[in-house]
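Following: one structure in C-alpha cells, then a few remarks.
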Protein chains: 2
Amino acid sequence: MRDDAAHISSPEKRTAGPGRPRSFDEAAALESAMNVFWQKGFEATSLDDLTKAMGLSRSSFYATFGCKQTLFLRALEHYSENGIRGLKEVSETATDDPVDAMMQALSDPKGGPRGCLLVNCITELAPHDDKVAEIGRRHLENIEDLFAAAIDPANPDSVRDRASAYSSLAIGTLALRKAGLPADRIARTLKQARTVLMP
Amino acid sequence: MRDDAAHISSPEKRTAGPGRPRSFDEAAALESAMNVFWQKGFEATSLDDLTKAMGLSRSSFYATFGCKQTLFLRALEHYSENGIRGLKEVSETATDDPVDAMMQALSDPKGGPRGCLLVNCITELAPHDDKVAEIGRRHLENIEDLFAAAIDPANPDSVRDRASAYSSLAIGTLALRKAGLPADRIARTLKQARTVLMP
DNA sequence: TCAATATTGGACTGAACGGTCCAGAAATAG
DNA sequence: CTATTTCTGGACCGTTCAGTCCAATATTGA
C-alpha cells in the first residue's frame, strides 16, 4: 500500500455472449488470495505469491481483479463477512456461556497463529490507509455488537463498555499468541478472566 | 526481514586513539531510528528513511550499526527498556489505582496512534522471526509482571491470570486506537471496565 | 466458418530496495 | 609534520517489486 489509490478500476463482469467463458472460480481465487494476505500481510505478499496461490496467470489476475490493492480490499471485506457470520454462529450455538465462547473463538481463530487478518491489517496499515481503517472499524464494531447482544439481559448496566472490554481482551490475547504462547494457556487465562473477573 | 541472519556483525567500539572522533551521538541516532520503525514498521522503512532521520551518511550507518536488521533489534531492545521503565514509574507514582493507571498508559502510549512498537512488530514479524518473537515475549512478560506487582495483595487469588487479563485488555485497545477511535473514548471504556468489571 | 472473448506464459519497464565501495575531506594523537 | 580514523556524498550492483504488453492458443455464440 505504498502510495495513492488512483487506479481503482474494477472490471465489471460479463453476463453472457460469445467468447471463451471464464474457466476459474472467482470466489475461490479471492479466498486463496485472502489466505496469502492472512499469512504474510499486504506488503510482504508479492504478485507471484498471489498468482501462484490463486492459480491464475498475471494477465488473468489483472483482467479480473484490477490491481493488488483492490483485490486486497475485497479480501478484507470477504474475511470480515465470513468472520462475523462465524462469530455470530458461535454465539448462537454456545450451550453455556456465549461470551466466553466468543472470546475463545476470537483469541484462537481458524487461521491459527496467523491471528485475525483484520487486526493484523489494522496494525500494519490502518494509520496510513483510510480504507483499511474504515473496514477495520466496521469489523470491530460488529464484534462489539455481537458481544453486546450476548450479554445477559438481566444485567443491563454499561452493556456497551462491557462488550468493548470483552472484545478488546480477546483481541489483546492475539498478540500473546503471535509472540509464541501456547493456545491452551491463553484459553485458560481467558476462561479465568471471564469467570473470576468479568462475570 | 526478508531471509536469514548471516551477517549480524556488530562493530565493537573504539575507546580512544588517533583519528577523527565520531561526530554524532550513537544513542540519539538509535532513538531516531526507533521512531521511524515505530511509525512505519520494519519492511516499510527504507534505508533512506533511516539515514535521513538519523542524520547519517549511508557509510557511517553501516560502519556503526552493521545492517538494517541489527539496528532494528537494537531499537526494539531500546524501546522495551524505556517502555518497561516508564510503565514501572507510572505504577509507582500512581496516587489512586496503579492498575488503571498502567492500563491507561499502555492504551495510549507516548507514540500516540502509532500504538506500541513491540506489539506492532509482534503482529508484523514475530510469526516469521524468532528473535523478534523472543523480544516480544520478554516485553509482554515484563508488563504482566508489573501488573502482578501492582495488584492489591489483599486479594491474592489468581494474580497471574488477572495480570494477564489486565495486560491483554490494555493491549487490545491499541487496535481500536489504530483503527481510528478517539483516545478519550477508549480511556473511558477502560476505566469503566476497571471499576465495574475487574475490581 | 468467423468473430469475440479468455486463457496462458513470458518478456519487458521503471522504480525501489538493501548493501557495497570509493575518493576525498576533516579531525584527532603522537 | 604523519598516521590514523571518521566523515560525507554519490556511484554502483544485483535483486525484487507492481504493473504492462504481446503473441499464441482455446472456447464459446452466431
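Lettering of chains follows the sequences in order, A, B, ..., and the numbering in each one begins at 1.
A:Thr123 and B:Asn120 form no side-chain donor-acceptor contact under 3.5 Å, judged by distance and modelled atom types alone.
Between B:Tyr166 and B:Phe147, the two ring planes are tilted [angle within 30° to 60°]. Between B:Tyr79 and B:Trp38, the two ring planes are perpendicular [angle over 60°; tilted spans 30° to 60°].
A straight line from CG of A:Leu47 to C1' of D:dA18 spans 5 Å, rounded to a whole angstrom. A straight line from CG of A:Leu50 to P of D:dG19 spans 10 Å, rounded to a whole angstrom. The separation between A:Tyr62 atom OH and D:dC17 atom P is 12 Å, rounded to whole Å. The interatomic distance linking B:Phe24 (CZ) with D:dT5 (C1') rounds to 13 Å, in whole Å. In this structure, A:Arg58 places its CZ atom 14 Å from P of C:dT8, rounding to the nearest Å. At whole-Å resolution of the value, CG in B:Leu56 and C1' in C:dG18 are 16 Å apart. The separation between B:Phe61 atom CZ and D:dC7 atom P is 14 Å, rounded to whole Å.
The nucleotide whose nearest atom lies closest to any side-chain atom of B:Ser59 is, among C:dT8, C:dT20, D:dT8, D:dT8.
Remark: A:Ala179 pairs with B:Ile122, B:Arg137, B:Leu140 by the side-chain contact (heavy atoms from CB on, under 4.5 Å) rule, at least two apart or across chains.
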Can I get a per-line list of side-chain donor-acceptor pairs under 3.5 Å for residues 49-58 of chain A, giving both atom names and the distance, sequence neighbours left out?
unit_1  : atom_1 : unit_2  : atom_2 : d
A:Asp49 : OD2    : A:Lys40 : NZ     : 3.2
A:Asp49 : OD2    : A:Ser46 : N      : 3.0
A:Asp49 : OD2    : A:Ser46 : OG     : 3.1
A:Thr51 : OG1    : A:Leu47 : O      : 3.0
A:Thr51 : OG1    : A:Asp48 : O      : 3.3
A:Ser57 : OG     : A:Ser60 : N      : 3.2
A:Ser57 : OG     : A:Ser60 : OG     : 3.1
A:Arg58 : NH1    : A:Asp48 : OD1    : 3.1

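Using a 4.0 Å heavy-atom cutoff across all strands shown, B:Thr45 reaches sugar-phosphate atoms only and no base atom. Counting any heavy atom pair closer than 4.0 Å across all strands shown, B:Ser46 reaches sugar-phosphate atoms only and no base atom.
Bending across the helix from C:dT1-D:dA30 to C:dG30-D:dC1, expressed as the angle between its end axes from five pairs apiece, amounts to 10° (10° rounding).
Contact check for B:Ile143 versus B:Leu106: side-chain heavy atoms found under the 4.5 Å cut-off.
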